Amino acid sequence: MKYKLIREKLPRHIAIIMDGNGRWAQKRRLPRVMGHRKGIEKAKEIVDHCLEFGIDNLTFYAFSKENWNRSAQEVKTLMDLLSKHLREELPSMVEKGIRFKAIGDIWELPLRLQKRIRETEEKTKDNMNLNLSLALSYGGRAEILEASRRIARDVKDGSISIEDINEDLFSCYLYTDGTPDPDLLIRTSGEKRISNFLLWQTAYTELYIVDIYWPDFDKEAFLRAVHDFQHRERRFGLTGEQLSAGFK
Ligand code: IPE
Ligand code: IPE
Ligand code: MG
């Protein structure tokens, strides 16, 4: 294999902005939905690679709050594809030990999809091999606002005090509660933006932007991304010298 990964330096959490499905299809003169179909297949493959390499947490950005502004037809097709995919994949998630969770404003999704999500979460909740999160109707700002509202309510009813509010507590009010922040964020199709994804959680995430459309993101591209991550120096505000001296 071309990219040899270092076992001790695997990212604990990989987050992926799966972008470029539409352009992948358009380039082939296919309807956009074909790109989304192919995109779901790719996501399944990446899940298997994460299981193979022992990555503990994987989050896919599948549908943003802003994506509601796409044509009604594209939105419906995407929702149908996601429902179908969850139904079909449940047995394999159970078998592979995948724990599934949806993050985002789930109540905005069609009821059928909400039902599938609840069922998949319930039936996979004790699994331990991989925490798989799917961001649906997700917006980073909306998530932070909702956390703030809930904190304000808890202060008002006296269950916490203003002095209790710190970064750890705030994190507990986010959809990602219990999941470590992403170490690596991959975005396909070359766009250099975060598009309202995991705004709080990516404060110190390593960004990896690759110029291929999501449906073309294969195992080699995945390994290249993790390999690239493993050869970076994460300084967290320190100097390179401090790190070499073992400053913790
Ligand atoms: C990403 O692919 C999938 C979703 C946002 C649902 P796009 O549909 O954004 O594809 P492009 O960016 O138009 O090529
Ligand atoms: C980001 O992709 C959202 C998802 C991948 C689900 P978009 O295609 O919606 O992002 P922008 O509009 O190019 O920023
Ligand atoms: Mg896009």
Side-chain angles (χ1 to χ4, degrees), residues 1-3 5 11 13-53 55 57-86 88-89 102-104 113 130 132-140 182-199 202 205-232:
M1 203 184 300
K2 222 156 120 196
Y3 299 101
L5 301 188
H13 182 182
I14 301 181
I16 306 185
I17 303 178
M18 310 182 283
D19 197 16
N21 292 349
R23 280 164 287 171
W24 179 91
Q26 277 157 355
K27 209 174 89 185
R28 289 165 175 74
R29 299 181 185 282
L30 296 168
R32 292 178 62 87
V33 54
M34 294 302 284
H36 294 316
R37 282 225 173 90
K38 186 84 181 161
I40 290 188
E41 289 307 312
K42 281 293 146 179
K44 283 201 262 182
E45 288 175 29
I46 299 302
V47 166
D48 286 340
H49 304 328
C50 286
L51 285 164
E52 178 187 344
F53 292 103
I55 308 285
N57 301 280
L58 173 66
T59 301
F60 285 125
Y61 202 7
F63 193 85
S64 70
K65 299 275 278 186
E66 290 74 20
N67 289 148
W68 288 114
N69 296 320
R70 294 199 179 182
S71 76
Q73 193 219 338
E74 181 166 348
V75 170
K76 182 174 185 313
T77 316
L78 266 167
M79 296 299 149
D80 290 348
L81 272 178
L82 287 160
S83 292
K84 182 170 165 279
H85 169 73
L86 281 185
E88 287 173 359
E89 285 306 301
I103 59 168
L113 179 54
L130 171 72
L132 172 65
S133 302
L134 203 58
L136 289 168
S137 192
Y138 176 87
D183 297 302
L184 171 63
L185 170 66
I186 299 172
R187 180 166 191 155
T188 56
S189 95
E191 249 63 70
K192 296 175 188 68
R193 54 179 170 263
I194 210 98
S195 300
N196 204 9
F197 190 39
L198 300 177
L199 295 181
T202 51
T205 300
E206 294 294 326
L207 308 180
Y208 181 87
I209 289 161
V210 61
D211 212 357
I212 52 181
Y213 297 139
W214 174 251
D216 290 327
F217 191 77
D218 57 10
K219 186 172 186 178
E220 176 164 344
F222 174 73
L223 290 179
R224 196 186 303 131
V226 178
H227 181 267
D228 186 281
F229 165 82
Q230 295 194 318
H231 290 83
R232 294 185 187 186

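Atoms considered below: every heavy atom in the structure, side chains included; atoms not considered: hydrogens, waters and symmetry mates. Because the structure is a prediction, the values reported are computed rather than measured.
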I need the I40 CD1 to N21 CG distance, nearest 0.5 Å.
8.5 Å

Kindly compute the distance separating CD1 (I209) from NZ (K192), expressed to the nearest 0.5 Å.
6.5 Å

Would you say Q73 has more than 12 foreign heavy atoms packed within less than 6.0 Å of its CD?
no

Are more than 12 heavy atoms, taken from residues, nucleotides or ligands other than K65, located less than 6.0 Å from that residue's NZ atom?
yes

Within the 4.5 Å heavy-atom criterion, are [X] and [Y] side-chain neighbours or not?
X    : Y    : value
L198 : P182 : yes
D19  : W214 : no
E206 : P11  : no
L184 : D228 : no
R193 : R187 : yes
R28  : K38  : no
L134 : L82  : yes
V33  : L81  : yes

Closest heavy-atom contact between [X] and [Y]?
X    : Y    : result
Y61  : N196 : OH-O, 3.5 Å
F222 : F53  : CE2-CD1, 4.4 Å
M18  : A62  : CE-CA, 3.9 Å
D216 : W24  : OD1-NE1, 3.0 Å
T205 : L185 : CG2-N, 3.4 Å
A43  : F60  : O-CZ, 3.6 Å

I'd like to know whether K2 forms a side chain to side chain contact (heavy atoms under 4.5 Å, CB included) with L223, so could you lay out the CA-CA distance, the side-chain angles of the two residues, the decisive distance to 0.1 Å, and finally the verdict.
CA-CA 9 Å; K2 222 156 120 196; L223 290 179; over 6 Å; no

Would you call R37 and E41 a salt bridge, using N to O less than 4.0 angstrom?
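No salt bridge links R37 with E41.
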
Evaluate the criterion salt bridge (charged side-chain N to carboxylate O under 4.0 Å, His left out) for residue pair K44 and D48; output intermediate values, then yes/no.
CA-CA 7 Å; K44 283 201 262 182; D48 286 340; over 6 Å; no

Does the T188 side chain pair with the main chain of V210, one donor and one acceptor, at a distance under 3.5 Å?
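Side chain of T188 to backbone of V210, a donor-acceptor pair under 3.5 Å: no, none is there.
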
Flag for [Y]-[X]: side-chain donor and acceptor within less than 3.5 Å:
X   : Y    : answer
T77 : R32  : no
W68 : S137 : yes
S64 : N67  : yes

Could you walk me through whether I14 and F229 pass the side chain to side chain contact (heavy atoms under 4.5 Å, CB included) check?
CA-CA 10 Å; I14 301 181; F229 165 82; over 6 Å; no

Sequence neighbours excluded, the answer for salt bridge (Lys or Arg N to Asp or Glu O under 4.0 Å) partners of E66 is none

Contacts of Y208 that satisfy ring-ring contact (aromatic ring centres under 6.0 Å, His included) - sequence neighbours left out
none

Aromatic rings H227 and H231: how do their planes relate, parallel, tilted or perpendicular, breaks at 30° and 60°?
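Correct class here is tilted.
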
